[in-house]
Amino acid sequence: METFFTRILNSLTKLSLYLAIFLTPIFFLPFTADILEVNKYFLFYFLIILALMTWLARAVSRKIFEFKRTPLDIPLAAMWLVFLVVSLVSEERYLSFFGEFSSLSLSFFGLTALLFFYFLIVQNLRNINQILLAVYLLMFSGALSALYLILPVFLRLGNWFFLPKTWPVYGLVNSSNTLSGVFLVVIFSLALAFLTIKKRSLALDVFYFLVLLLTGAAIVMIGFKIVWVAMVAAIFLMLIFFLTYMERVRTIWTSVAFGILVVSLLFIFFGTPKILTMPLPVEVSLSSSTSVGLILDALKDSARHFLFGSGPSTFIFDFSKYRALDFNSNFAWNIRFRQPYSSALDWLATTGLLGALSLLLVVLMVLGLIVSTWLKHFLELRRKKKIEESSAAVAPFQSSPLIFWTIVGAWLILLISFFFINFSLAHWLMFWLFLGLLVGAGAHLAKIEMPELSFSLKTSPQYAMASSFGFILIFTAIIVVGIFLGRYFTAEIVYARSLNKPLDGRIAGLQKAAEFNPNRVLFHLALAEAFLKKAVEETGKTNDLNQVASLVASAVQAAKLATDKAPNNVATWEYLSTMYANARSIAPEANNWTIGALEKAIALEPTNPLFYIAIGNAKLFERRYTEAKEDFEKAISLKPNLLDGYLRLATLKEAQNDINGAIVALERGLGYGAQDPVYLFQLGRYYFNRAQKGDYDLAEMAFRRAVDFNPNYSDALFALGLFYEKRGDNNQALEWYKKVLILNPGNKDIKKKIDNLSSSPEEKKK
């Protein structure tokens, strides 16, 4: 029985859902390091927890627990269980359960919240007006995001310079303009579809038109090819569905849709005219071929990987371990990618065969539901033979079957996009929102009531007590989860604030952030870096080596804790090796620790040439020349154009007093380093030091080439002065030394050189 209190709870549940739909795509806070995705997740979690608690509280107050059944319940439950299993056997459980927050990978907790969101949508948005309100709120949110993107351009500001620098530069959906563009395509398609449906509401038409205008302008200004591909898919799907109901659509807007389809195809093949687009930063992502090859290698590695993947949100581990050797030839070779080409590939890599099959089952069930609804309604129309044109024209908008097909089209756009982009939270929200609305709108179209299960909580005192105890446990679990999320969000804020503080304040802030969320590896790595910078700062202030040693030890401890928390994260071992290398001055055994950390890093990322350079340097430090040479050669074999590999080989040969060998090493890489001033300077230095026949000419040529590429390169300028001084050409030497002095006005050694070479009192004064 409904009471005033239960009606309030019911309203709060719906309000929480509506707020999640409207606010999540555009929400941001300038208090965290990542101002968009992190805050969207925590807001979404808060609103879903609130909606779930009020929904359960209403059931307890009414003493009856009831929910609507759908054909998707069992497939979705199976998918959730699979996600739980793969998270439990993940290479890093914390990351799989809670995610990176700012990354685009979906964690177990994120999926659970989205499934609860879908469930609550199905249970609470029961009639067509509630379904339409949810869609309108999403459209309004998309329109605001589009307005935020385009308004600065129309005002010719070029940027929101009058807003705080911590606010988003472009759209509010995501920092990636590609993802923002695909999101806006979905909103655009909704507006166009609703404009096409016959209705008698000028206010609604004005709203749809404004949304269409704003999102369309933003899409054109983004102008990315993948966005136009999504647009073509959206218009094509809309036309397929709507042409079945020609008597219910407006011809003029159908023609507009055809025109937009043609223009979109032209923009795909010929590009968007630059005069219509705005300058946007280049977005780097893995290609589809690289992603597929990498994922196949990962899945074939072991039965565990094949069945369960590496764990949700852990694609970065797969990338490090299985990236191909030829990736080192890529311009982005030193970037660790957290996501593959698309969310579909990410799902396959991180959840394995079981996860992929569970998702495929859900998708096939939804497609089957769509097809069966379409066939039933189409056959019904054929059975009736025709629908009176007059009745169609005056039929209420809410009764139009095209509302269902509009929602279906929006969901199918997202399903297609799932294979071409990495979903942000805004895209996942739309995916599960439209799925929930699709179920409700489909039931409305078919004029059927979804089956409902109900459990009375007042059958007997014993049953009531057991039920009450069960609900208390559920409420307690929800509250505990909420407390943890509150601590984690506080940690993100404290971390962001600490980054702009002086070192002492930064260290204190990072320690506090690590207390709130001790499992966040980023905090420990940032703390290690802060301790190390403090040690460097103190080295120049004090002679107290114990204090410096204590700070270095704290840096090492923080980095070591990061490896304990995430032993399969190569970045933690890389950081730890750096900390150990910096501790060598106070702890000789730290060099062995450095080598050990780098060996672990190499095991996790075997094709990274920089690790072989680093471990070779550590072995060179101990004069293990043969082993160091093998490591440097390995680095060169992994990346032949890695100049540092040739430079380190030359350094090794120099340490062995083999200048000829050093020159041979650098001449090997000269084809890659012929335009690198540092490389040319080092080669010239070795020629100069060897001083055999013709070496001075080669040294002069190398030094001059280095200066040509970098006129302010002090070392090369000084080398030219030294070269001409050696040859007795004091005038030339003076010219080069004076150039060095201009760049280093306080250098006493250069002043002394100039004074010694000056040939007259007047020259000395200069």
Exercise for review: Could you walk me through whether R520 and E492 pass the salt bridge (charged side-chain N to carboxylate O under 4.0 Å, His left out) test, one step at a time?
Suggested key: CA-CA 10 Å; R520 189 87 149 94; E492 296 294 328; 2.8 Å; yes
Check your understanding: Just by modelled atom types, is the L88 backbone N or O under 3.5 Å from a matching donor or acceptor in the R93 side chain?
Key -> yes
Review point. Any sub-3.5 Å donor-acceptor pair from N422's side-chain atoms to P340's backbone N or O?
Key: yes
Review point. Is there a side-chain contact between I21 and L433 (heavy atoms, below 4.5 Å)?
Key: yes
Review point. Can you name the nearest heavy-atom pair linking L125 to A134, along with the distance?
Key: CD1-CB, 3.9 Å
Exercise for review: Determine whether the aromatic ring centres of W428 and F423 lie less than 6.0 Å apart.
Suggested key: yes
**Study point:** CG on L138 to CG on L429, rounded to 0.5 Å
**Key:** 7.0 Å
Review point. Which is it for T314 and S90 under the side chain to side chain contact (heavy atoms under 4.5 Å, CB included) test, yes or no, and what are the steps along the way?
Key: CA-CA 8 Å; T314 61; S90 168; 3.8 Å; yes
Check your understanding: Hey, are the side chains of L212 and I187 touching, using non-hydrogen atoms and a 4.5 Å cut-off?
Key -> no
Exercise for review: Supply the atom-to-atom distance F27 CZ to L19 CG, rounded to the nearest 0.5 angstrom.
Suggested key: 11.0 Å
Check your understanding: Under 3.5 Å, is there a donor-acceptor pair linking the side chains of S313 and S96?
Key -> no
**Study point:** Test item: R304 side-chain N/O and S310 main-chain N/O as donor-acceptor pair under 3.5 Å
**Key:** no
Study note, to complete from the structure: Value for CG (L76) from CG (L114), rounded to nearest 0.5 Å, stands at 11.5 Å
Practice item. Can you spot which of I8, L56, T6, T3 makes a side-chain contact (heavy atoms from CB on, under 4.5 Å) with S61? Key: T6
**Study point:** Backbone of L402 reached by a side-chain donor or acceptor of T406 within 3.5 Å
**Key:** yes
Review point. Among N124, T13, N10, which one satisfies side-chain hydrogen bond (donor to acceptor under 3.5 Å, both in side chains) with T54?
Key: T13
**Study point:** Residues Y41 and D34: side-chain donor-acceptor under 3.5 angstrom
**Key:** no
Practice item. For the pair R250 and D205, find out whether any cationic side-chain nitrogen is under 4.0 Å from an anionic carboxylate oxygen. Key: yes
Point to revise | Short N-O contact, R58 and E66, less than 4.0 angstrom | key: no
Review point. Within the side chain of K40, is there an N or O that forms a donor-acceptor pair under 3.5 Å with the backbone of A426?
Key: no
Review point. Do side-chain atoms of H427 reach the backbone of L179 as a donor and acceptor pair under 3.5 angstrom?
Key: yes
Check your understanding: Just how far is it from atom CG of L367 to atom CG of L360, taken to the nearest 0.5 Å?
Key -> 9.0 Å
Review point. What are the two closest heavy atoms between N174 and S424, and how far apart are they?
Key: ND2-CB, 3.5 Å
Point to revise | E37 side chain to L425 backbone, donor-acceptor under 3.5 Å | key: yes
Check your understanding: Is the closest side-chain heavy-atom distance between L522 and Y495 below 4.5 Å?
Key -> yes
Check your understanding: If you measure only the distance, is there a donor-acceptor pair under 3.5 Å linking the side chains of Y488 and Y45?
Key -> no
Practice item. Rounded to the nearest 0.5 Å, what's the gap from CE on M53 to CD1 on I49? Could you check? Key: 8.5 Å
Review point. With a 4.5 Å heavy-atom cut-off, do W55 and L12 have their side chains touching?
Key: no
Study note, to complete from the structure: Shortest non-hydrogen pair, A146 vs L184, comes out as CB-CD2, 4.1 Å
Check your understanding: Quick one: does M139's side chain get under 4.5 Å of F207's, heavy atoms only?
Key -> yes
Point to revise | Side chain to side chain, F418 and S342, heavy atoms closer than 4.5 Å | key: no
**Study point:** Heavy-atom check, side chain of T32 versus side chain of N39, under 4.5 Å
**Key:** yes
Review point. Does F67 CZ have over 12 foreign heavy atoms under 6.0 Å away?
Key: yes
Check your understanding: Counting N and O atoms only, with roles assigned by atom type, does the side chain of S372 sit under 3.5 Å from a partner on the main chain of L369, one being a donor and the other an acceptor?
Key -> yes
Check your understanding: Does CZ belonging to F22 count more than 12 external heavy atoms closer than 6.0 Å?
Key -> yes
Check your understanding: For S176, does its backbone N or O pair with a side-chain atom of S180 as donor and acceptor, under 3.5 Å?
Key -> yes
Review point. Between T70 and D73, do the side chains contain an N or O donor and an N or O acceptor separated by less than 3.5 Å?
Key: yes
Practice item. Compute the centroid of each ring, for F108 and then for F98, and state whether the two points are separated by less than 6.0 Å. Key: no
Point to revise | side chain to side chain contact (heavy atoms under 4.5 Å, CB included) between N517 and F489, intermediate numbers included | key: CA-CA 9 Å; N517 188 354; F489 185 60; over 6 Å; no
Review point. Can you tell me how far CD1 of I421 sits from CG of L414, rounded to the nearest 0.5 angstrom?
Key: 8.0 Å
**Study point:** Check against side chain to side chain contact (heavy atoms under 4.5 Å, CB included), V85 and L354
**Key:** CA-CA 10 Å; V85 171; L354 292 179; 5.7 Å; no
Review point. For atom OH of Y94, is the number of surrounding heavy atoms from other residues, nucleotides or ligands below 6.0 Å larger than 12?
Key: yes
**Study point:** side chain to side chain contact (heavy atoms under 4.5 Å, CB included) evaluation trace for L52 with F119
**Key:** CA-CA 10 Å; L52 185 61; F119 175 80; 5.6 Å; no
Review point. Any donor and acceptor pair, going by atom type alone, linking the side chain of R487 with main-chain N or O of G482 inside 3.5 Å?
Key: no
Point to revise | More than 12 heavy atoms from other groups under 6.0 Å of NZ on K68 | key: yes
Review point. Which atom pair, heavy atoms only, marks the closest approach of L115 to M79?
Key: CD2-CE, 4.2 Å
Review point. What pair of heavy atoms forms the shortest contact from V182 to S417, and how long is it?
Key: CG1-OG, 3.6 Å
**Study point:** Validation row, ring centre W405 to ring centre F241 under 6.0 Å
**Key:** yes
Point to revise | Ring center gap for F97 and F109 short of 6.0 angstrom | key: no
Check your understanding: Would the number of heavy atoms belonging to other residues, nucleotides or ligands and lying under 6.0 Å from CD1 of I74 be above 12?
Key -> no
Review point. Under a 4.5 Å cut-off applied to non-hydrogen side-chain atoms, are L144 and Y148 in contact?
Key: no
Check your understanding: Which heavy-atom pair separates V362 from L72 by the least distance, and what is that distance?
Key -> O-CD2, 4.4 Å
